[in-house]
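For this chain, numbers begin at 1 and follow the sequence in order. Read the numbers this way: they start at 1 and go in the same order the structure lists the ligands and their atoms. Here the structure is a predicted model, which is why all the values come from computation and not from measurement.
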Amino acid sequence: MPTGRPPLVPLRALGAARGVTVGAAVNGRPLGADATYREVLAREFGAVTCTNAMKFGPLQPERGRFDFAPADEIVAFGRDHGMAVRGHTLVWHRQNPEWIAALAERETAALWPALRAHIQAVMEHYRGQVAAWDVVNEAVADDGSPRDTLWLRALGAGYVAHAFRWAHEADPGAPLFYNDYGADGLGPKADAVHALLCDLLDQGVPVHGVGLQMHVGLGRLTPDPDAVAAHMRRLGALGLEVHVTEMDVRLQTGSGPLAERPAEQARVYERTLAACLSERACTSVTFWGFTDRHSWIPSFTGQDDAPLLFDPQYQPKPAYHAVARALSSQV
Ligand code: 9MR
């Protein structure tokens, strides 16, 4: 499939010139099957995150049996193309294997060593190859309370601190992140994430950064760039690094004419990138995919939300040019 004339300066180079890593989440299937996917990924992006391959269930489907091969392929692609790797994710409430759910229900005491062994095995396998680990993902509920998950129910709120300590033990050189959604700007959930980080740091827990997922959209889902910058600043003031980790922008939440929404979407990308560039703490922006041909959003919303930078034919959209513009402009 032709990709048209490649833009003069790829996003990864524009980002590097500004001290910001620009990455994309990668899906193993098109990576293996689609040369255009590989070409655009390697040309435009300086970091990869596995959309699913590094999650607990895919990595350790049976107790003690690890399947690293799919994630290894993505890591190898990154290495071959001079890309960083974001590790996603060690502790989450979704995509866990059956045996973990069973332990959580019936053998709570055995869940601690199982979690520790998983963190150790995975971090040792990827030691020195992962630039940032999302150690704990989405531990805060939308109202700011601890999210009711199998981990919380079986282990209590202390599992978060333990996970970070074990991750640090397994790879003392790895930057460790807490990652969440819906806490990108200011508000009760962002306050709760900030409070959680303060609490972890007070306890001396090794945590080095926060991931703002940035699954956003037009209309009610549009983030206020000033609030995003302010949140980044207060996290930075704690000594934490901030990464935008999973950005995509849904079109269907908008209310304006459909024809105007790609331009509106581009403005959301541009302002969010500008917010990151305005804050010293923000050092990385990853999109949750890069082509509308492969996005989790349509299966989630049931709608054609076209949330990413390239269209299904790998042509750059207004959103792509807006990101390039933001990365090129002097803030
Ligand atoms: O993109 C991922 C999708 O393929 C999976 O089906 C889904 C399972 O819950 O997870 C998606 O990725 C999620 C990420 O790991 C954490 N933040 C929210 C992302 C979108 O759901």
Side-chain angles (χ1 to χ4, degrees), residues 23-34 37 41 45 47-61 67 70-71 73-75 85-98 100-101 118-119 122 126 130 132-142 147-151 160 163 176-185 189-190 193 196 209-217 221 223 242-253 272 284-303 305-310 312:
V26 176
N27 190 324
R29 218 172 317 134
L31 186 72
D34 182 344
Y37 184 94
L41 176 64
F45 299 97
V48 289
T49 306
C50 302
T51 43
N52 292 307
M54 277 194 196
K55 292 170 179 172
F56 204 135
L59 278 186
Q60 196 183 171
D67 183 7
E73 278 176 33
I74 295 171
V75 171
V85 177
R86 290 199 87 268
H88 176 83
T89 175
L90 296 166
V91 188
W92 193 27
H93 58 282
R94 304 190 66 183
Q95 288 174 284
N96 288 309
E98 271 301 309
I100 276 289
H118 180 79
I119 291 173
V122 174
Y126 290 112
V130 170
W133 268 109
D134 290 337
V135 176
V136 177
N137 192 42
E138 302 173 7
V140 176
D142 293 348
R147 182 181 289 279
D148 180 20
T149 68
L150 69 87
W151 304 112
V160 174
L176 306 180
F177 278 64
Y178 174 77
N179 190 49
D180 215 327
Y181 70 88
D184 308 311
K189 183 163 178 180
V193 167
L196 171 67
V210 181
L212 310 183
Q213 291 187 8
M214 210 65 73
H215 290 293
V216 298
L221 291 187
V242 177
H243 290 178
V244 173
T245 52
E246 307 185 13
M247 186 167 186
D248 47 25
V249 182
R250 287 157 60 177
L251 283 187
Q252 297 294 351
T253 47
T272 307
S284 173
V285 176
T286 285
F287 307 102
W288 207 238
F290 56 95
T291 163
D292 291 337
R293 195 181 189 91
H294 303 287
S295 162
W296 72 288
I297 295 275
S299 63
F300 177 66
T301 64
Q303 288 180 305
D305 263 298
L308 293 165
L309 304 186
F310 290 85

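- By the criterion of a heavy-atom distance under 4.0 Å, neither the backbone nor the side chain of Asn27 is placed next to ligand 1.
- Here the protein heavy atom with the shortest distance to atom 19 (C) of ligand 1 is Glu246 OE1, 3.4 Å.
- Annotation: the span from Met214 atom CE to Thr245 atom OG1 amounts to 8.5 Å, rounded to 0.5 Å.
- No more than 12 heavy-atom neighbours from other residues, nucleotides or ligands sit within 6.0 angstrom of CD on Glu98.
- Across every non-hydrogen atom of Asp134 and His88, the tightest pair is OD2-ND1, 2.9 Å.
- Among protein heavy atoms, atom 8 (C) of ligand 1 sits closest to Gln95 OE1, 3.2 Å.
- In this structure, Arg86 forms a cation-pi arrangement with Phe177, its terminal cationic atom sitting closer than 6.0 Å to the ring centre and no more than 45° off the ring axis.
- Short contacts between ligand 1 and His215, defined as distances under 4.0 Å to a heavy atom of the residue, involve ligand atoms 18 (C), 19 (C).
- Contacts of Phe300 with ligand 1, taken as heavy-atom pairs under 4.0 Å, are absent altogether.
- When only non-hydrogen protein atoms are considered, atom 2 (C) of ligand 1 lies nearest to Asn52 OD1, 3.6 Å.
- Taking the six-membered ring where the residue is Trp, Phe290 and Tyr37 present tilted rings, their angle falling between 30° and 60°.
- Across every non-hydrogen atom of Asn137 and Gln213, the tightest pair is OD1-NE2, 3.1 Å.
- Looking at Trp296 and Asp248, their side chains do bring a donor and an acceptor atom within 3.5 Å of each other.
- Any N or O atom pair closer than 3.5 Å counts here, and Trp296 shares no such pair with ligand 1.
- The nearest protein atom to atom 1 (O) of ligand 1, hydrogens excluded, is given as Trp288 NE1, 2.9 Å; this is a heavy-atom distance.
- Looking at Asn137 next to ligand 1, no N or O pair under 3.5 Å apart turns up.
- Of the candidates His93, Arg94, Lys55, it is Lys55 that places a heavy atom closest to atom 11 (C) of ligand 1.
- Residues Lys189 and Asp180 are paired through a salt bridge, judged by an N-O separation under 4.0 Å between the basic side chain and the carboxylate.
- Looking at Thr89 against ligand 1, nothing comes within 4.0 Å, counting heavy atoms.
- Side-chain polar atoms of Asn27 and His294 form no donor-acceptor pair below 3.5 angstrom.
- Short contacts between ligand 1 and Glu138, defined as distances under 4.0 Å to a heavy atom of the residue, involve ligand atoms 16 (C), 17 (N), 18 (C).
- For the ligand labelled ligand 1, residue Trp92 lies inside the 4.0 Å heavy-atom shell.
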